[in-house]
Amino acid sequence: MIIKFTNFSDGIHKINFNEPVGKLNLSSEFIDDVLLEVEMDKSASQIVLSCEVEALTHRVCDRCTKEYNSEISHQFKMTYLIGEDSGAEDQIDIHFLASDQDKIDLYDDVTELTQLALPMKSLCSEQCKGLCPKCGKDLNDGPCNCKDDEINPAWEPLLKLKDKLNN
């Protein structure tokens, strides 16, 4: 995922990459290839890259423990300023290119931002009902035979307190 920008004239250009996940050093959740579509807006003083990444993941649902595949898609924008570093590189999406530099390497940015695009909670679907906390039956397959009126004895002191406060 290296762009030799000196090969392009000023203006807007589209560039596509297709890289195996192993080459990007992504976690084992990622499978197949990572697709990167780049729209490069090049001028004499700066290069703006609008990127869209698509990757396939193999995950385990946090609610029902079923394995499933999910597509991750995210976008990011990077700005490369050509010339001297003015010390404004405090922003994560702004980089400086030396005037003798002719390539932009996107591997690290794509790897980091794709890893960060993984959701914190893995769900096979938004409607996933999960497992019964008593018997462990998958509630997506139908209801279990557990009784809802059984109360864990650990909560009895709180129930007594609730009754006392309500009176």
Side-chain angles (χ1 to χ4, degrees), residues 1-133 136-142:
M1 297 185 175
I2 296 176
I3 299 173
K4 185 167 181 172
F5 60 87
T6 55
N7 290 347
F8 294 92
S9 61
D10 288 356
I12 296 176
H13 307 278
K14 294 196 182 282
I15 307 163
N16 294 320
F17 296 96
N18 189 356
E19 296 286 340
V21 294
K23 194 170 181 182
L24 291 170
N25 295 321
L26 290 168
S27 68
S28 60
E29 291 177 276
F30 289 92
I31 55 176
D32 208 10
D33 291 346
V34 174
L35 305 173
L36 172 65
E37 293 179 9
V38 179
E39 182 179 280
M40 178 175 69
D41 186 357
K42 181 183 178 215
S43 68
S45 61
Q46 73 177 8
I47 299 169
V48 178
L49 301 179
S50 299
C51 304
E52 183 170 349
V53 179
E54 292 180 6
L56 189 64
T57 61
H58 184 77
R59 309 196 70 194
V60 177
C61 181
D62 289 338
R63 288 185 187 161
C64 68
T65 69
K66 286 184 183 174
E67 294 184 13
Y68 69 99
N69 289 344
S70 173
E71 187 172 298
I72 302 292
S73 179
H74 68 97
Q75 298 174 345
F76 65 93
K77 191 175 273 195
M78 301 298 270
T79 303
Y80 295 86
L81 302 175
I82 300 170
E84 293 295 317
D85 182 350
S86 66
E89 198 171 338
D90 293 340
Q91 296 182 14
I92 194 165
D93 58 348
I94 296 179
H95 300 283
F96 287 89
L97 299 171
S99 54
D100 62 340
Q101 199 170 351
D102 65 344
K103 296 177 187 150
I104 296 174
D105 186 353
L106 292 173
Y107 279 102
D108 291 340
D109 291 325
V110 170
T111 299
E112 181 179 351
L113 294 170
T114 302
Q115 196 72 42
L116 289 172
L118 281 172
M120 296 284 288
K121 187 170 189 83
S122 298
L123 295 177
C124 59
S125 76
E126 287 296 320
Q127 295 77 30
C128 180
K129 297 177 182 173
L131 303 175
C132 173
K137 182 179 187 304
D138 187 349
L139 299 175
N140 295 312
D141 297 335

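We number each residue from 1, following the sequence as shown.
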Starting at CG of Leu118, measure out to CD of Glu29 and round the result to the nearest 0.5 Å.
5.0 Å
From CD (Glu19) to CG (Leu26), nearest 0.5 Å
11.0 Å
Heavy-atom nearest pair, Cys64 first then Asn140, reads CB-ND2, 3.7 Å
With sequence neighbours left out, the residues meeting salt bridge (Lys or Arg N to Asp or Glu O under 4.0 Å) with Asp62 are none
Atom pair CD/CD of Glu52 and Gln75 - distance to nearest 0.5 Å:
4.5 Å
Quick check for you: to the nearest 0.5 Å, what is the distance between Leu36 atom CG and Asn16 atom CG?
8.0 Å
Please give me the minimum heavy-atom distance between Glu126 and Leu123, naming the atom from each residue.
OE2-CD1, 4.2 Å
Considering all heavy atoms of both residues, which atom of Ile3 and which atom of Phe8 are nearest to each other, and what is their separation?
CG2-CE1, 4.2 Å
Atom pair NZ (Lys4) and CG (Asp102), whose distance is rounded to the nearest 0.5 Å:
4.5 Å
What one should report as the nearest heavy-atom pair of His74 and Ala117 is CD2-CB, 3.5 Å
Decide yes or no on side-chain contact (heavy atoms from CB on, under 4.5 Å) for Tyr107 and Asn25, but give the supporting numbers first.
CA-CA 9 Å; Tyr107 279 102; Asn25 295 321; over 6 Å; no
I would like to know whether His95 and Ile104 meet side-chain contact (heavy atoms from CB on, under 4.5 Å); could you show each step before the answer?
CA-CA 10 Å; His95 300 283; Ile104 296 174; over 6 Å; no
Note, Val110 side chain near Phe76 side chain (heavy atom, < 4.5 Å):
yes
So, using ring pair (Phe, Tyr, Trp, His ring centres under 6.0 Å) as the criterion, who are the partners of His58 when residues are at least two apart?
none
Please report the C-alpha distance between Leu113 and Val53 in whole Å, then the side-chain angles of each, then the deciding distance to 0.1 Å, and finally whether the side-chain contact (heavy atoms from CB on, under 4.5 Å) criterion is met.
CA-CA 9 Å; Leu113 294 170; Val53 179; over 6 Å; no
Crowded around Asp108 CG? As in, over 12 foreign heavy atoms under 6.0 Å?
no
Can you tell me if Lys129 has over 12 outside heavy atoms packed within less than 6.0 Å of its NZ?
no
Flag the pair Ile82 / Ile47 as yes when at least one side-chain heavy-atom distance between them is below 4.5 Å, and no otherwise.
yes
Which atom names give the shortest non-hydrogen contact between Val60 and Thr65, and what distance separates them?
CG1-O, 3.7 Å
Over all heavy atoms of both residues, which pair between Tyr68 and Cys61 is shortest? Give the atoms and the distance, please.
CE2-N, 3.6 Å
Roughly how far, to the nearest 0.5 Å, is CG of Leu139 from CG of Leu131?
7.0 Å
Only one of Arg59, Arg63, Glu67 passes side chain to side chain donor-acceptor pair (under 3.5 Å) with Ser122; say which it is.
Arg59
Strictly by side chain to side chain donor-acceptor pair (under 3.5 Å), give each pair with a member in residues 30-50 just once, sequence neighbours left out.
Lys14-Glu39
Tell me, with the steps shown, if Leu24 and Thr114 meet side-chain contact (heavy atoms from CB on, under 4.5 Å).
CA-CA 10 Å; Leu24 291 170; Thr114 302; over 6 Å; no
Exam field: side chain Thr57 to backbone Ser70, donor-acceptor pair closer than 3.5 Å:
yes
